[in-house]
Amino acid sequence: MPHRTINQLIVDDSKVHGDWRDELFQNGYVVVKNAISLDICEYYIDKMFQWLESFLLGFDRNNRSTWTEQHLPTHIKGGMYHGYRIQHEKFIWEARTEDGVIEAFAKLWGTDKLLVSFDGMNFTLPSGTTLPQTQPWPHIDQSPLREGIQCVQGILNFAPNGPQDGSLLVMKGSTKLMSEFFQTHSGTIGRETWGPSDWFGFDKSEVKWFEERGCEIHKVTAEAGDLILWDSRTMHFNCVPSTQNIRAVVYACYTPASFATADILQQKGELFDQRIGTENEEEGDLTKRLNEEPIETDLVLKLAGKIPY
C-alpha cells in the first residue's frame, strides 16, 4: 500500500451511497464491473507474456510444456511476482493509470489527488497438470492501531476468474468484527506479533473465531476488466486455480495524497527513482534492468509522489 503515517479518516462507511461503495462497506469487498475494456485486458496479458519471455529461460507462450518453474523467473505463492523491479515496468504503470481504475478510487476517497502503491502482479500459468495448492495464509493489511477505513486494496483483473480459477478469497463479514477481535484477544496477541507494518496473519483457531460469529470464506469471482476492491481490515488470501485457465492481475492500492507527510513523499519518490517497490523485495534480482522503462507522464509522477498535485 502507499506509504502513509497520518491516522486520518475521510470516509464515512456508515453512510448509504446507493452504489458499489455500500457493498464494499457492508461485506468488506466489492467487484466494480467493467473498469477496464476487454481489448486493453488482452494487451496487458500480452505484455505479461512478453515480460516472461524477456528472461530468455526457454519460456514459450505457445508451448505449455515450457510453463514450468525451470523456464520462469523466481516467483512466490503461485504466480506472484514482486522482484525484478516489476513494480515499475511500463505496462504496470499503464495499468495503474487506467481511467476506470482511478475513477473508482477517486469516488471512494472523494478526491482524485491520489498516491498509488508500488505493487507487483500475479500471472499464474497452469501447464497442463494440476497446480499444487498453496497453504491458506489468511491475513489483514491494516494494524488494529489504525481506526476506521484507512486503506482499500485493488486487483485489476485481466482474465476471467470463475469458481475454480485462481482468485482472491475473503472472510465475508470479518471487517466489522476486527476491532472486537483484537480487543478480546489482547491478552494472547502482543503487539510484537502483529508482523511487519500493518500485516497480521491469523491461525486456524483465530479464523474459527470469526466463523463462529457468522463469517464465511468467500471466493471472489470476476470477469476480465473488473476491478476487485477490499478493505484492508477484511481477512483475505489467494488461491491458485484448479483449472487450466490463467490468472492475470495487477495489484494496486490508492490512497489520498493528503495521507502522506513530506518525508514519506520524499521516500516514495526516491523509491520510484530507484525503480524498486514500496516494501523490501525478497524475491528476484534487483540489479536486473527493466524490460521497458515507464513513461514519466505528469500523472505517473503525481501518483508516485514525485511531483505535487
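Note that the coordinates shown come from a computational prediction; the quantities given were computed from them, not determined experimentally.
A search for side-chain contact (heavy atoms from CB on, under 4.5 Å) contacts involving Leu38 returns Ala224, not counting sequence neighbours. For the side-chain hydrogen bond (donor to acceptor under 3.5 Å, both in side chains) test, no residue two or more places apart in sequence or in another chain qualifies with Ser174. A search for salt bridge (charged side-chain N to carboxylate O under 4.0 Å, His left out) contacts involving Lys302 returns nothing, not counting sequence neighbours. Under the ring-ring contact (aromatic ring centres under 6.0 Å, His included) criterion, Phe91 pairs with no residue at all, not counting sequence neighbours. Every residue two or more places apart in sequence or in another chain that forms a side-chain contact (heavy atoms from CB on, under 4.5 Å) with Ile295 is listed here: Lys90, Thr297. Residues forming a side-chain contact (heavy atoms from CB on, under 4.5 Å) with Lys15 (at least two apart in sequence, or on another chain): Asp12, His17. Shown here are the side-chain contact (heavy atoms from CB on, under 4.5 Å) partners of Asp46, two or more places apart in sequence or in another chain: Gln50, Arg61. Annotation: side-chain hydrogen bond (donor to acceptor under 3.5 Å, both in side chains) contacts of Tyr43 (sequence neighbours excluded): Glu94.
One finds the CH2 atom of Trp230 at 12.0 Å from the OG1 atom of Thr175 (value rounded to the nearest 0.5 Å). Rounding to the nearest 0.5 Å places NZ of Lys172 at 4.5 Å from CG of Asn27. Leu156 contributes atom CG, which lies 13.0 Å from atom CG of Asn122 (distance to the nearest 0.5 angstrom). One finds the CZ atom of Arg247 at 4.5 Å from the CG atom of Asn238 (value rounded to the nearest 0.5 Å). With values rounded to the nearest 0.5 angstrom, Leu168 atom CG is found 6.0 Å from Ile228 atom CD1.
With hydrogens and angles disregarded, a donor-acceptor distance shorter than 3.5 Å links the side chain of Ser167 to the backbone of Val220. One N or O on the side chain of Ser232 and one on the backbone of Cys151 form a donor-acceptor pair closer than 3.5 Å. Of the possible polar contacts, one joining the Gln87 side chain to the His82 backbone as a donor-acceptor pair under 3.5 Å is found. Between the Glu292 side chain and the Glu89 main chain, no donor and acceptor come within less than 3.5 Å of each other. One N or O on the side chain of His236 and one on the backbone of His139 form a donor-acceptor pair closer than 3.5 Å. Of the possible polar contacts, one joining the Arg21 side chain to the Lys107 backbone as a donor-acceptor pair under 3.5 Å is found. Formation of a donor-acceptor pair under 3.5 Å by the Lys306 side chain with backbone atoms of Val300 is not found in this model. Formation of a donor-acceptor pair under 3.5 Å by the Glu206 side chain with backbone atoms of Asp203 is found in this model. Of the possible polar contacts, none joining the Tyr254 side chain to the Asp112 backbone as a donor-acceptor pair under 3.5 Å is found.
In this structure, His88 and Phe272 have side chains that are in contact, with non-hydrogen atoms separated by less than 4.5 Å. Counting heavy atoms from C-beta outward, Thr74 and Tyr84 have side chains that approach closer than 4.5 Å. Using a 4.5 Å heavy-atom threshold, the side chains of Pro73 and Leu52 count as touching. For the pair Met178/Gln142, no side-chain contact is recorded, criterion being any heavy-atom separation below 4.5 Å from C-beta on.
With ring centers used as reference points, Phe123 lies 6.0 Å or more from Tyr81.
Linking Ile, Leu, Val, Met, Phe, Trp and Tyr whenever their side-chain heavy atoms come within less than 4.5 Å leaves Leu290 and Met48 in two separate clusters. Residues Ile246 and Phe55 share a single hydrophobic cluster, defined by chaining ILVMFWY side chains whose heavy atoms lie under 4.5 Å apart.
For residues 30-45, every residue pair satisfying the salt bridge (charged side-chain N to carboxylate O under 4.0 Å, His left out) rule, not counting sequence neighbours, is listed here: Lys33-Asp226. Among residues at least two apart or in separate chains, there is no salt bridge (charged side-chain N to carboxylate O under 4.0 Å, His left out) pair with a member in residues 96-105. Screening residues 157-177 for ring pair (Phe, Tyr, Trp, His ring centres under 6.0 Å) gives Tyr44-Phe158 as the qualifying pairs, with residues at least two apart or on separate chains. The salt bridge (charged side-chain N to carboxylate O under 4.0 Å, His left out) analysis of residues 175-185, with sequence neighbours excluded, yields no pairs.
Minimum interatomic distance between Ala252 and Val116 (heavy atoms only, all atoms of both residues): CB-CG2, 4.4 Å. Closest of all the heavy-atom pairs between Cys253 and Asp119 is N-OD2, 4.3 Å. In this structure, Leu229 and Phe105 approach most closely via the heavy-atom pair CD2-CZ, 3.4 Å.
In this structure, a donor-acceptor pair under 3.5 Å is absent between the side chains of Asp263 and Thr261. Side-chain contact of His218 with Tyr29: a donor-acceptor pair under 3.5 Å is present, judged by distance alone.
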message: Show, in sequence, the C-alpha distance, side-chain angles and deciding distance for Leu303 and Ile102, and conclude whether the side chain to side chain contact (heavy atoms under 4.5 Å, CB included) test is met.
response: CA-CA 10 Å; Leu303 290 170; Ile102 292 179; 4.2 Å; yes
